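Reminder, nothing fancy here: chain letters follow the sequence lines and each chain counts from 1. Keep in mind that what you see is a predicted model, and the values were worked out from it rather than measured.
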Protein chains: 2
Amino acid sequence: MKINSVKKPADERVLHSALILFSNKGFFNTSVHDISRESGVSIGSIYHHFKDKQGIAQAMYVSLVENLHGQIDQIEARHHSAHDRCRAVIEMLFEMTERQPELMSFMLYAKHREFLPDEKPMCSSLPFERMRNFTMQGMKNGEIRIMDPLVCAACLYGGAVRLIHLKLDGIVDKPLGKCLHDVWACAWRGVAT
Amino acid sequence: MKINSVKKPADERVLHSALILFSNKGFFNTSVHDISRESGVSIGSIYHHFKDKQGIAQAMYVSLVENLHGQIDQIEARHHSAHDRCRAVIEMLFEMTERQPELMSFMLYAKHREFLPDEKPMCSSLPFERMRNFTMQGMKNGEIRIMDPLVCAACLYGGAVRLIHLKLDGIVDKPLGKCLHDVWACAWRGVAT
DNA sequence: GTCTATATCCAGATAGAC
DNA sequence: GTCTATCTGGATATAGAC
């Protein structure tokens, strides 16, 4: 296995270009020819690596869910109270939005059901369930008021998610990091005991 | 003008069917033939009433924005404090989700830029701006803590919007009306002085 | 205003050489 | 594994009778 090989493998280049294109123009407005041009990988090679156009989106989706899963693992290991864990989740989502807006855009906006009929909607995937579990832990602890778990998660994370949408739509200009303190303060005041 | 005419005009039937189809399968997965079949209006007539497929979506978008505009007018007339107005906005959005889920789905999910490149994203349209203005009014009044206006609006409405997403995705079962009290309590506690 | 039949185009996918 | 050339289906949109 070569270390420092300069050129990335073809399938990675395809996935990278596809992410940019899907996020800018949308899945259906992006042709496989576009991906070929953008990535420098020929049509034939693309279809050698991926079953079809959906297969490209599918691979992106799976890798994204695994990525999130790993991040939640880290948060679980580093923080222990519901307060700290939920705050860390929001911080992580904000950082991801700043560093990889296309990825966040794919996650939030892409109507996965439209082109991935077999996948569950993103918000019922395992990582999102684990985020909601943090809030349930808080209710058991006595950190958070008792209420419907889904309502609680929506209240706690909803403000942050909304702000991410506004940022991706270009309505919010300033870095999300600058908003973290206020967003978190509001969210926590809302649900804390 | 006939009162009680039994059959709706063709263009209304087209818009109605298109809304259902766009919301269930997505804009790009819906062909004009699908709309023709579903509405009982022939292809030729559809193209007589609308410039093209985008024109159908455009008409839907415009009518939706006007509809929202009218609802905000009513809220503004009936309520006067920021507290009451913002609560009424959430109540209105919840009711709309229950009664016309397809319309709400079109509003929240449809990435309008993908097929309506000339329209602004929904959340920067006038009705959404007016919703945000309610929160600014609250800051001037002293009802709401001073903070960045966009952050404030995100915190106040974010939980409710998140819950609507979860409802439309089938993750939340119970009627949103049952959640209104808790969602609003959390949201208001978060931002109130 | 409404309809059927049809033209046109282009994207997804494949074949097969290298 | 990578490439070019090609096939094919289906979608948008139009023509023109009624």
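Between D84(B) and R78(B) no salt bridge is recorded (no basic side-chain N to carboxylate O distance below 4.0 Å).
Taking atom CG of residue D34(B) and atom C1' of nucleotide dG10(D), one finds them 11 Å apart after rounding to whole Å. Atom-to-atom, CG of N29(B) to C1' of dG10(D) comes out at 13 Å; the value is rounded to the nearest Å. Distance CD1 (I35(B)) to C1' (dA13(D)): 13 Å, rounded to an integer number of Å. Whole-Å rounding puts the Q54(B) CD to dA13(D) C1' distance at 13 Å. One atom, NE2 of H48(A), and another, C1' of dT4(D), lie 17 Å apart when rounded to the nearest Å.
Between Y61(B) and H112(B), the ring planes are perpendicular. Angles over 60° get that label, and only those under 30° would be called parallel. Between F115(B) and F27(B), the ring planes are parallel. Angles under 30° get that label, and only those over 60° would be called perpendicular.
Using a 3.5 Å distance cut-off with no hydrogens or angles, the side chains of N141(A) and E143(A) do pair a donor with an acceptor.
Comparing K53(B) and G44(B) by the nucleotide of DNA chain D that holds the closest heavy atom to each, the one mapping nearer the 5' end is K53(B). For the pair I43(A) and I43(B), both in contact range of DNA chain C, the more 5′-proximal nearest nucleotide belongs to I43(B). Residue-to-nucleotide proximity on DNA chain D shows that, of H33(A) and S45(A), the 5′-proximal contact is made by S45(A).
Nucleic acid contact for S36(A): none, since no nucleic acid atom lies under 4.0 Å from a heavy atom of the residue. Among the atoms of the strands shown, base atoms are found under 4.0 Å from some heavy atom of S42(B).
Here the closest non-hydrogen pair linking C155(A) and A187(A) is O-CB, 4.4 Å.
Of the residues listed (H79(B), E76(B), H80(B), Q137(B)), the one engaging R85(B) in a side chain to side chain donor-acceptor pair (under 3.5 Å) is Q137(B), and it is the only one.
Protein chain A contacts DNA chain C over a range whose 5' and 3' limits, counting nucleotides with an atom under 4.0 angstrom from a non-hydrogen atom, are dA11(C) to dT14(C).
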